[in-house]
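Single-structure report; data block below.
For clarity, every value in this text was computed on a predicted model and none was experimentally measured. Lettering of chains follows the sequences in order, A, B, ..., and the numbering in each one begins at 1. Heavy-atom basis, side chains included; hydrogens, waters and symmetry copies ignored.
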Number of protein chains: 6
Amino acid sequence: MEVNADHFFKAAKLDTPRKTNKVGSNVTLINVMQIPGLNTLGISIARIDYAPLGQNPPHTHPRATEILTVLEGTLYVGFVTSNPNTLFSKVLNKGDVFVFPKGLIHFQFNPNPHQPAVAIATLSSQNPGVITIANAVFGSKPPISDDVLAKAFQVEKGTIDWLQAQFWENNHY
Amino acid sequence: MEVNADHFFKAAKLDTPRKTNKVGSNVTLINVMQIPGLNTLGISIARIDYAPLGQNPPHTHPRATEILTVLEGTLYVGFVTSNPNTLFSKVLNKGDVFVFPKGLIHFQFNPNPHQPAVAIATLSSQNPGVITIANAVFGSKPPISDDVLAKAFQVEKGTIDWLQAQFWENNHY
Amino acid sequence: MEVNADHFFKAAKLDTPRKTNKVGSNVTLINVMQIPGLNTLGISIARIDYAPLGQNPPHTHPRATEILTVLEGTLYVGFVTSNPNTLFSKVLNKGDVFVFPKGLIHFQFNPNPHQPAVAIATLSSQNPGVITIANAVFGSKPPISDDVLAKAFQVEKGTIDWLQAQFWENNHY
Amino acid sequence: MEVNADHFFKAAKLDTPRKTNKVGSNVTLINVMQIPGLNTLGISIARIDYAPLGQNPPHTHPRATEILTVLEGTLYVGFVTSNPNTLFSKVLNKGDVFVFPKGLIHFQFNPNPHQPAVAIATLSSQNPGVITIANAVFGSKPPISDDVLAKAFQVEKGTIDWLQAQFWENNHY
Amino acid sequence: MEVNADHFFKAAKLDTPRKTNKVGSNVTLINVMQIPGLNTLGISIARIDYAPLGQNPPHTHPRATEILTVLEGTLYVGFVTSNPNTLFSKVLNKGDVFVFPKGLIHFQFNPNPHQPAVAIATLSSQNPGVITIANAVFGSKPPISDDVLAKAFQVEKGTIDWLQAQFWENNHY
Amino acid sequence: MEVNADHFFKAAKLDTPRKTNKVGSNVTLINVMQIPGLNTLGISIARIDYAPLGQNPPHTHPRATEILTVLEGTLYVGFVTSNPNTLFSKVLNKGDVFVFPKGLIHFQFNPNPHQPAVAIATLSSQNPGVITIANAVFGSKPPISDDVLAKAFQVEKGTIDWLQAQFWENNHY
């Protein structure tokens, strides 16, 4: 197969609003799976849509730093450092730029109850990965033992089981 | 200052049992802060003590892969992949070796109600960092907004506030 | 100095149109000079404005791959491979994504005589550098010998001198 | 296939003068294509011959820094920094060493009208790539639009067309 | 083949003493050959047993830094810097930690005539390699010319031949 | 201090023969200590002179792969792989190129009793380091214990002491 311009291209419609999910967001990631020419080049890009009061919930990228730029609306964003767990947060307006360092837990929240928000996120890996904390902890298949989670989160096992029941059904890839 | 052998050495007493914390573990990490000669060399080591039924709760290392070797006892260990969130878990006996790939959420749990466990963990960074999920999410200073967390974890804000009150006091660095 | 959220933030106004230069473009780059928290993290971002018939002329980034996403308008874009010099080009519409691999000469041109265009470019370096070919070759200070350039471009020395006179005045940093 | 010493060897005759091309130079590059044992090892080497008044015209290596050592003759060499475009140049005599940092435009010119020159160049990549500026800009296949180039180089489209006609025929790989 | 937890696991019995070799040591290395999940992750681990007065003789790891932790007994350890050749040495007791920087010649020796010693070594490569100096120099197959070695070690060729005869038989992989 | 062309330059006289040492060689290394502009750029260069029957004795570069090119004369060269210790050797003539992979023990020997030889070596590090095996093992300051060396090299302690006496005086940096 001969390499051509289409191996470096994707008609990704990153200008088009997406329907948001249960927590009010939608991430459209363009990585090496969509654009094979990105192989070995260490970068990818995503559009993120936020419903009013929607959020991109706390998550990490195990292999990438992220730069976020707000295209529409307002976002309350933050990341938590490792030891000690300090929250660095900021309210971002249209046109603002914010950095989430590699591997740290971060989130974005649209505080506006009436207007959606849109951001472009760029990531320093051709395959950054994403670990949504609540889903990974409570919705993994098979589930993590509720003995482990009850102690880790300092709640009753019944609470863990209830959380797992909720997240399990979300995790339908 | 002249560099000498002591810059590559630490009398770390990694043979000595440590008192475990509230969730039943204790991590003694030897990284570039303890041994300046590790600078630029990309590796560190830790001893981990587990009380009976103790755990090293779900956490990530933003900058390192980890190899765990069991020195004493039994450990139920696991990590969760990114998208989809599959749990890879295993019961490890004395002498077994297990790998937690870079940036993924992982945990170790001592299922034995009577005996402690001990492991050696090695990490592919001179400063791997650690993000204990429950502490970072619920115990950060300042706290993450309970609006964000309630939706992310699909629980009442009251539950989040209660969790934050518990973890806040833990986070005393 | 204590690190805080502002070290990871820039009110960059990337939503706001910029006045374009002589060749009809304007690149607003946000790199480690603007956001000190990007240090060691290997990524940066830019907004590019294109006037009608404007261009971001042939250039390279010595230390970065670039992903370009069209926010407004249409762009004819391309890059040239090394040995042999094959042009990979494409007409991009709003929402399309294209990759310019590290170190290769590339350009963007707005073929529309009436409408401006806007793109977001992300780069896989905290300090990607940019070498605009015509400026670097003909406008360097001091100038490259016209003996060298006349032979390299297979034109008369008079033509080189005329080009150098034009570009010299542009290069006012 | 068993690996043996021949996978790390090339009878490259780097001691032997080469016939120079139209602009008076010849680059004999020994990279991973010639020596498979270089794979993953990040280095390559070249002999460069220069005719009297010959040059290795302005070019970049997208993936490598270069160290040049003069074996015979005299060379006027230089590279241009990115923003601002400063020329760093030097006249090199036999035995001198000069560095061209990764990705920057550079050239070598033999100012002697009677004597050839010879240099050894080493590059920090097993596959450094080379982009000869004039060939890549004016001789790519297919050609870059003359609308783009006329504006970029601030000349008439007729001049661009004439340049493209000249370089097109050179680019016969 | 589906990836599962067993690709990240090895029942390596690192708790079990090994029979030591002719110079009184035994290295049980767990690298990417034993645990395929280590691929691209840049770390490995080993158990080292030392007989009374046994040693892990002078060697290098061409692709890794090593951290050594003493589990049992006492070790006299050291490494030699490059130019000038300074020896950095230390007597390590149980629980002590020591670093051998990447590529440097190092050794461990159990000075106790009655008790064995045990250490855990971790290495910053999934495939660190090991070059035992005496074996590589005197026991390679085919042998290095005794002309070369006699001059390098400033001894008679007869001495070299005698050494080669001894090491040749050791090198039975 | 303003950076200028001299930070990328060294009048290294690499064309000029050097007086060889006791084992018949001389390495003139140009690295980041001589050319500060090499900082972060990962490459260096050396001229090596060989007397008739002279050698560059078995050594390693802890941080670099090397490409060797013969400028004058003939060289018998080789490197030894790690486990098993296979010797890859070759007789090189003028103009030949050979690769010594990172961290492996290698040597060059001039088999000609009447003619000197010259080579250019390039290394994939701005500061490759060099560990001459015999000097590092027998000539370190302070010396490695002769208990260790006698067993490692399977010779009498008296032989080790004699070797150490010889190399100790060489190691005058």
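- Separation of atoms NZ (K13(E)) and CG (N93(B)) is listed at 9.0 Å; rounding is to 0.5 Å.
- Both the backbone and the side chain of L41(B) come within contact range of chain E, each with at least one heavy atom under 4.5 Å from a heavy atom of that chain.
- Taking chain E as the reference chain and counting heavy-atom pairs below 4.5 Å, the highest number among S89(B), P101(B), G37(B) is found for P101(B).
- For the atom pair OG (S124(E)) and CG (L123(B)), the distance works out to 12.5 Å, reported to the nearest 0.5 Å.
- Here OG1 of T69(E) is found 3.0 Å from CD1 of I45(B). Values are rounded to the nearest 0.5 Å.
- Across A11(E) and D96(B), no two heavy atoms sit closer than the pair CA-OD1, 3.4 Å.
- Interatomic distance, F88(B) CZ to H7(E) NE2, rounded to the nearest 0.5 Å: 9.0 Å.
- Chain B forms more heavy-atom pairs under 4.5 Å with one residue of T81(E), I35(E), V99(E) than with any other, namely V99(E).
- Relative orientation of the F8(B) and F98(E) rings is tilted, given thresholds of 30° and 60° on the angle between their planes.
- For the atom pair S125(E) OG and I43(B) CD1, the distance stands at 9.5 Å (nearest 0.5 Å).
- Put simply, CG on L71(E) and CZ on R47(B) are 9.5 Å apart, with the number rounded to the nearest 0.5 Å.
- Proximity to chain E is limited to the side chain of F79(B), based on heavy atoms less than 4.5 angstrom apart.
- Contacts of residues 53-68 of chain B with chain E at a heavy-atom distance below 4.5 Å involve T65(B), I67(B), listed in sequence order.
- Counting heavy atoms from C-beta outward, K94(B) and T16(E) have side chains that stay 4.5 Å or more apart.
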